[in-house]
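Written out below as structure tokens is the structure these notes cover.
Start at 1 with the first residue, then count along the sequence.
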Amino acid sequence: MNSKTKKFIIIAALVYIILVALSWFKFINNNSKDSEYRTGTYFCKISIINEGGTKVHKWDIAIAKNNTKSGIVENESNGKSLDKFWNTVLNINTKRLNLSLAIADLLLALIIFVYVQNGGKILKNKVNKKTIQIIIILFAILFIYRISISYIELRGLYKDINYYFN
């Protein structure tokens, strides 16, 4: 490999690592507090209060900055919906992470494909070049599939969270 190829590989790897690190940082930051969960405009905070000697869960939930419900006391009638709202917030956060990682993977595959296509000196003979191009295309198709599935599931979770909020 010549120095130009090495520089390209290093730059592509650094871009990929930065994208993955940012995605993980955002994921960890959204779930950093024990009882507070946030993803975008969706928010869920659970507090434990003592009422008459018994511990009761008090919830603050939101689907937008101006659309919040505060001080909801958990009881038998709303307990399942509140738990499902909380799980949906966590699932949205996880799906967003999966989506951003799949996009980062696709970008890396496309960068490598374009580099190999434009005569990059990663491989010396043409047979290996064609094989690598086919493998990269297959990976790109896999990443596009992952992006599509994550996007569809994310849209379903958005509908679910609005249902549980109401």
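- If you check the side chains of N93 and Y42, you find no donor sitting under 3.5 Å from an acceptor.
- Side-chain N or O atoms of D60 include one that pairs as donor or acceptor with a backbone N or O of G71 at under 3.5 Å.
- In the hydrophobic clustering of ILVMFWY residues, with side-chain heavy atoms under 4.5 Å counting as a link, Y163 and I72 come out together.
- Note that the CZ atom of R96 and the CG atom of L154 stand 6.5 Å from one another [nearest 0.5 Å].
- Side-chain atoms of N78 come within 3.5 Å of backbone N or O of V73 as a donor-acceptor pair.
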Criterion side chain to side chain contact (heavy atoms under 4.5 Å, CB included) on I161 and W86, from CA distance to verdict = CA-CA 9 Å; I161 202 162; W86 171 67; over 6 Å; no
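- Interatomic distance, L108 CG to I136 CD1, rounded to the nearest 0.5 Å: 9.0 Å.
- One hydrophobic cluster, built from ILVMFWY side chains closer than 4.5 Å, holds both L99 and I144.
- Side-chain contact check for Y158 versus I92: some heavy-atom pair is nearer than 4.5 Å.
- Residue L82 holds its CG atom at 12.0 Å from OH of Y164, rounded to the nearest 0.5 Å.
- Side-chain contact between T41 and I63 is absent, with no heavy atoms from C-beta onward closer than 4.5 Å.
- Within the 4.5 Å cutoff, side-chain heavy atoms of F113 are placed close to those of Q133.
- Considering only heavy atoms from C-beta on, I147 comes within 4.5 Å of L106 through its side chain.
- The closest side-chain heavy-atom distance from N91 to E153 is not below 4.5 Å.
- Hydrophobic clustering, with ILVMFWY side chains joined whenever heavy atoms are under 4.5 angstrom apart, groups F139 together with V15.
- With values rounded to the nearest 0.5 angstrom, S150 atom OG is found 10.0 Å from Y145 atom OH.
- Linking ILVMFWY side-chain heavy atoms closer than 4.5 Å, directly or via other members, places I135 and L110 in a single hydrophobic cluster.
- Rounding to the nearest 0.5 angstrom, the gap separating the CD atom in E74 from the OG atom in S81 is 10.5 Å.
- Closest approach of C44 to F85, counting heavy atoms only: CB-CE2, 4.0 Å.
- Minimum interatomic distance between K69 and F165 (heavy atoms only, all atoms of both residues): NZ-O, 2.7 Å.
- Here the CZ atom belonging to F143 is positioned 10.5 Å from the CG atom belonging to L107, to the nearest 0.5 angstrom.
- The closest donor-acceptor contact from the side chain of T88 to the backbone of L157 lies at 3.5 Å or more, if one exists at all.
- Side-chain contact check for H57 versus I48: some heavy-atom pair is nearer than 4.5 Å.
- Between L142 and L138, every side-chain heavy-atom pair lies at or beyond the 4.5 Å cut-off.
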